[in-house]
Amino acid sequence: MTRSSGTSGRLAAAARWFLSKFLGAVFVLWAVTTLIFFGIRMIPGDPAEAILGGPGSQASAAALAQVRADYGLDQPLVAQYFGQLARLVQGDLGNSYSLRLPVASLLGEQLPATLTLAVLSLILAWVVALGLATWSTLAGRGASIVSSGLEIVGAAVPHFWLASVLILLFSINLGWLPPVNTGSAEGLILPVVTLALPLAGFLGQVMRESMLNATTSPFALSARARSETEGGVLFRHSLRHAAIPGIALSGWAFGSLISGAVVVETIFARPGLGRTLLSAVTLRDIPLVTGVALVSALAYVLVMALSDVAERVADPRVRAS
Amino acid sequence: MSMMSKVRRRIPGRTSQAHRKVTVPEMLAGAVVLFLVAAVAFPAALAPFDPLAINPADGFQGPSLEHWFGTDESGRDIYSRVIFGARPSLLIGAVATAIGIGLALVLGSLAGLGGKALDFGVGRLLEVLFALPGLLLALVFIAIAGPGVVTSTVAVGLSTAPGYARIIRGQIIQVRGSGMVEAAVVLGRTRWQIVRRHLLPNALSPVFVIATLGLGQAVVWASSLSFLGLGEPPPAAEWGAMLAAGRTYLTTAWWMTFFPGLFIVFTAAASTVLGRGLQRRMVR
């Protein structure tokens, strides 16, 4: 990096950063589309037949020809490929084979539910993880045992089992919460907890280590020398240090949330991208699968860019380098 | 490599006694592994019943002295099914991990040894694969290749590969810049000799750790896929498939879901604890 001073230098650097992120996103979207497009054509089988319900459907020759014409499958491969890319640039993701509706509008309908679930789970996971890290920094041994226990839970408990156990406990035995989505806020509690707990265990582990290092670091010592209270050291210095590795793991957290959403939305019968993806995969509805893959790839790129920014804000060492 | 580890051990403060002592969780994890190995090797010796024998009169029995984990809708003994399920479940996990690490070795070596252009190309490919994290890549692969045990195993392997590849690439690049490679170059060793004697052995030692850590993850992901109906179909005594079958009866027969899941948790927890333990001993 060149050391440019002044506002214009900083603006230029920001513009360069933005451009590189934008080009990166375009590249990823192109590559995902291309991999799926050619991947599906390397597998034996007639796509037109798949659209009409697979080889068992005994579709007539006329129906097959009609579908080929409708979906442009009678055109040469290269024309199909560039046609798809051209439509993608215009925001057209094609039509779902199974639902016969535009993929873009289907995804638009499903996105808010998954976004709500994921954001709430992320917030809960951060609160629990930061709480655990703070607690084990202050309270020592007992708290560290609980935290490392939860960390193993985070790494080892599959979402589908955790969801089942929570349903057994809170819906069937205690009757406190609905076992499936009812559209109410109450119905959100179990899905959010299911997604948040494993994530909190994982984040808590790295945050705890970073926080412990921070409380024994020279800057904490000098803060204490300035007669800063332990609480002040904790909230003004250590908490920030706990957050930094959490931010760095945002990509991982995104992966955990989105794969968890597939399972959780299915178990709790919630609408959303995850359940849409699962039914699209089961029915081999390629345009819909491609659509979900593109939306989540775009979300991933966005999350990574945001975590870049957040890391710069939280960590002065990154800004200096 | 043995030379390196000897040198490393002599550095004071690097490997203290505390790092080598076996902890309580590690002992428990070891016990779980021993039990699982026994279940994989001699399931008939541990299981009191035939895992597939149907006996409808005994259906939906809760846990008892005769049926420790209860019975399913067809009166099959859940405990016996869990024991017999160890073999397919762990095999799928192990094969998936092997596929993931195999792919990662190829990609990581290409990137680390193949020069700038290849490194750039592999780097971009990994970037794309990382944008479909967790189960997403596996699900996209299954959408293309169709569901089933084989494709779901390959799918899990494929989705673990990018993470492993990044670690292996980093390791190779680190070793490549180390003093021993410089010394080997000065001594006139050929490129292939250096790769074989120095780069691969040193880059492979962390692979052992990530394989241990990754096995549990692979078992969890593979069972998730069969739970979602994309892997092994239900009559089989595979853990994820057993959970999928139990889902229908969650309100009436909780044991059908609880116990197979518990074994997945034990497996993954043991692999995590042992992997962390190895990591602590090798890296420091």
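Order of the sequence lines sets the chain letters (A, B, ...), proteins ahead of strands, with each chain counted from 1.
Within a 6.0 Å sphere centred on CZ of A:Phe38, heavy atoms belonging to other residues, nucleotides or ligands number more than 12.
Considering only heavy-atom pairs separated by less than 4.5 Å from chain B, the leading option among A:Val28, A:Leu298, A:Ile40, A:Val32 is A:Ile40. Chosen from B:Gly146, B:Ala244, B:Gly216, the residue pairing most often with chain A at heavy-atom distances under 4.5 Å is B:Gly146. Among B:Pro133, B:Ala269, B:Pro25, the residue making the largest number of heavy-atom pairs under 4.5 Å with chain A is B:Pro133. By number of non-hydrogen pairs under 4.5 angstrom with chain B, the leading residue of A:Ile36, A:Val165, A:Leu283, A:Asp285 is A:Ile36. Across A:Ala280, A:Ser259, A:Ala293, A:Gly274, the residue that shares the most heavy-atom pairs under 4.5 angstrom with chain B is A:Ser259. The candidate with the highest count of non-hydrogen atom pairs below 4.5 Å against chain A, out of B:Leu230, B:Val220, B:Leu139, B:Leu129, is B:Leu139.
Annotation for B:Leu228 and A:Leu278: closest pair CD2-CD2, 3.7 Å, computed over non-hydrogen atoms. In this structure, B:Ala143 and A:Ile286 approach most closely via the heavy-atom pair O-CD1, 3.7 Å. Among all heavy-atom pairs drawn from B:Ile264 and A:Pro158, the shortest one is CG2-CG, 3.7 Å.
Heavy atoms closer than 4.5 Å to chain B are found in both the backbone and the side chain of A:Ile267. B:Val219 does not touch chain A: none of its heavy atoms, backbone or side chain, sits under 4.5 Å away. Neither the backbone nor the side chain of B:Leu137 comes within contact range of chain A, judged by heavy atoms closer than 4.5 Å. Residue contact with chain A, scored on non-hydrogen atoms closer than 4.5 Å, involves the backbone and the side chain of B:Arg124 alike. Both the backbone and the side chain of B:Ser223 come within less than 4.5 Å of a heavy atom of chain A. B:Thr257 touches chain A through backbone and side chain together, each having a heavy atom under 4.5 Å away. No part of B:Phe266 comes within reach of chain A, as not one of its non-hydrogen atoms sits under 4.5 angstrom from that chain. Interface residue A:Thr266: backbone and side-chain heavy atoms are both found under 4.5 Å from chain B.
Separation of atoms OG1 (A:Thr290) and CD1 (B:Ile144) is listed at 7.5 Å; rounding is to 0.5 Å. To the nearest 0.5 angstrom, B:Leu125 atom CG is 7.0 Å from A:Leu35 atom CG. Here CD of B:Glu127 is found 9.5 Å from CE of A:Met304. Values are rounded to the nearest 0.5 Å. Distance OG/A:Ser164 to CH2/B:Trp254: 13.0 Å, rounded to 0.5 Å.
No side-chain donor-acceptor contact under 3.5 Å links A:Trp161 to the backbone of B:Val265.
Between A:Phe160 and B:Phe227, the ring-plane angle classifies as parallel under the 30° and 60° cut-offs.
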